[in-house]
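Reckoned from all heavy atoms, side chains included, excluding hydrogens, waters and symmetry mates. Below, chains carry the letters A, B, ... as their sequence lines are ordered, and counting in each starts from 1. The structure displayed is predicted, hence computed values, not measured ones.
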2 protein chains.
Amino acid sequence: MASSTVENYVKTLYFIEQGRPGALVAMGELASSMQVAPGTATAMVKTLSDSGLVEYERRGGCRLTQNGRTLALAIVRRHRLIEQFLVKTLGLDWSEVHEEAEQLEHVISDKVLDRIDQLLGYPDVDPHGDPIPTAEGRVSAVPMESLQDVAPGQETVIARVTDQKPAFLQYLDAQGLVPGARITMQRIDTPADSVTVLVAENSITLGGSAVRKILVERRADKMP
Amino acid sequence: MASSTVENYVKTLYFIEQGRPGALVAMGELASSMQVAPGTATAMVKTLSDSGLVEYERRGGCRLTQNGRTLALAIVRRHRLIEQFLVKTLGLDWSEVHEEAEQLEHVISDKVLDRIDQLLGYPDVDPHGDPIPTAEGRVSAVPMESLQDVAPGQETVIARVTDQKPAFLQYLDAQGLVPGARITMQRIDTPADSVTVLVAENSITLGGSAVRKILVERRADKMP
DNA sequence: ACGGTGTTGTTGACTACTCAAAGTTAAAAG
DNA sequence: CTTTTAACTTTGAGTAGTCAACAACACCGT
Ligand SMILES: [Mn+2]
Ligand SMILES: [Mn+2]
Ligand SMILES: [Mn+2]
Ligand SMILES: [Mn+2]
């Protein structure tokens, strides 16, 4: 059985590798993501390599093996199903479930996870709009685009929020900026790095770093 | 924060101390309950003593302090609420929830536990009939007696089963011998160390070691 | 080609938990 | 009042994970 520590390293590597398949992850990047000293990451990657979860190239970096990726996807599945469960069944706020799931993901058995999946009706996204991998490790790739790329005047629907910080999520919730919300792009102010959107009759202005964390549905007729 | 290991030692001490308040628990007994070598138990008890969770008397034994007992009761509460939740909400079998709860009890936050409590309607017993301590650490003392002390011909109701082994629980379930079941004592065969009970039209004969694990309600008019 | 600069790797050390084996002690048996 | 025995404690060692500090390396601009 992989320890919680091993599971966390593998999951972190999975997210770092996202969007740059095949590339090596530097020890420094892994260390800062895991909030450990560089030497700690190096030592750990060696043991992950011994377990066949990563390939390690000295002074180059590491990447997940197929086994490593499979383990990572299993943990991501656990994490997101647990988050959805905490929100839907126990009524927790979407801003607080990430931390809870971070612990539970290492302890929930497959049996319990299956029951949770069933109770929730086999959801395919979590409370933040993140896709839930299948038990076989497949992740659905729903086409999305950043809110900042929506043209002024265009109406769209929030699909996903890529930040777990409680304060940010609480703010979005208070403004009604949650997955499923129908919004209209009003204005993009490039020099000011801000955009203004209309949601439920209210105008809300967001800075660039916030806007970039909000993904919206991409309509079929807009696809390349 | 107490580690899982510390929590397990404290909980084990709590159960060993049950029924002999104030007595010292020998290191050997603790070690065998925890399935560790004697020296391991001695070392651990010293650190528990440093944390103020037990009093330790060299070559005498140890006992929980008030702080230790409070921690133990919090873990027992977690464990039993989780078991009840796994059975009632997720539909797991009462024979398999003990093992699951054994892990989850160290990870579930107070917030999640409160929501589970609320969802279940503030139950006061778990699937095995074990009382669930309140958040303040109070345990209800419903009067019960062993099934082996019920007089022949008398009707009674199963209240609690004091064994967590899956095979035993599955057997009881198959026979309908679960908490809440109404049964009638038919015969006590002392030399054979067995009793025969009637449950839902069926006669079932149980050996002494099994009967002693089944507790039944004690009617007020039978109390001393 | 050379030296700075930042990234990696190594070493020694520390915490938490564990065991095996040896040493100590108290209490039962003679 | 010994001797034996059983329980207990200590010691030395090992695993997992971590850090600080230092050493080694690769790469860049001159
Ligand atoms: Mn999350
Ligand atoms: Mn999420
Ligand atoms: Mn249990
Ligand atoms: Mn129970």
Student: Near DNA chain D, which residues from residues 20-37 of chain B have a heavy atom under 4.0 Å away?
Tutor: B/Ala26, B/Met27, B/Gly28
Student: Look at the side-chain N and O atoms of A/Thr47 and state whether any lies under 4.0 Å from the OP1 or OP2 oxygen of D/dA16.
Tutor: no
Student: Using side-chain heavy atoms (C-beta onward) and a distance below 4.5 Å, is B/Asp189 in contact with B/Thr205?
Tutor: no
Student: Between A/Thr65 and A/Gly52, is there a donor-acceptor pair closer than 3.5 Å when you use the side chain of the first and the backbone of the second?
Tutor: yes
Student: At less than 4.0 Å, is any side-chain N or O atom of A/Ser3 found next to OP1 or OP2 of D/dG17? Yes or no.
Tutor: yes
Student: Can you tell me how far P of D/dA16 sits from CG of A/Leu48, to the nearest Å?
Tutor: 12 Å
Student: Whole angstrom is fine here: how far is it from NE2 in B/His106 over to P in C/dC17?
Tutor: 12 Å
Student: Does A/Asp93 come within less than 4.0 Å of B/Lys111, counting only side-chain N to carboxylate O?
Tutor: no
Student: Do the side-chain N and O atoms of B/Asp126 and B/His79 include a donor-acceptor pair separated by under 3.5 angstrom?
Tutor: no
Student: I'd like to check the salt bridge (charged side-chain N to carboxylate O under 4.0 Å, His left out) partners of A/Arg63; sequence neighbours left out, ordered by chain and number.
Tutor: A/Glu55, A/Glu57
Student: Check this for me: does any side-chain nitrogen of one of B/Asp193 and B/Arg212 sit under 4.0 Å from a carboxylate oxygen of the other?
Tutor: yes
Student: So does B/Tyr56 get a side-chain nitrogen or oxygen closer than 4.0 Å to the phosphate oxygens (OP1/OP2) of D/dT9?
Tutor: yes
Student: Measuring to OP1 and OP2 of C/dT8, would you say a side-chain N or O of A/Thr42 lies under 4.0 angstrom away?
Tutor: no
Student: Would you indicate which nucleotide in C/dG9, D/dG17, D/dT9 comes nearest to any side-chain atom of B/Pro38?
Tutor: D/dT9
Student: Atom CG of B/Asp50 and atom P of C/dC17: how far apart are they, to the nearest Å?
Tutor: 12 Å
Student: Answer yes or no: is there a side-chain heavy-atom contact under 4.5 Å between A/Lys165 and A/Tyr171?
Tutor: no
Student: Taking only the side-chain heavy atoms of B/Lys46 (C-beta and beyond), determine which of D/dG17, D/dT10, D/dT9 contains the nearest atom.
Tutor: D/dT10
Student: What protein N or O atoms touch nucleotides 24-26 of chain C N or O atoms at under 3.5 angstrom, if any, and at what distances?
Tutor:
| from | atom 1 | to | atom 2 | distance (Å) |
| --- | --- | --- | --- | --- |
| C/dT24 | O2 | B/Arg59 | NH2 | 3.4 |

Student: For A/Trp94 and A/Val87, indicate whether the former's side chain and the latter's backbone hold a donor-acceptor pair under 3.5 Å.
Tutor: no
Student: Is the phosphate of C/dT18 approached by B/Tyr9 (side-chain N or O, under 4.0 Å from OP1 or OP2)?
Tutor: yes
Student: Within less than 4.0 Å of OP1 or OP2 of C/dC17, is there a side-chain N or O belonging to B/Thr40?
Tutor: no
Student: Do A/Ser146 side-chain atoms and A/Asp149 backbone N/O form a donor-acceptor pair below 3.5 Å?
Tutor: no
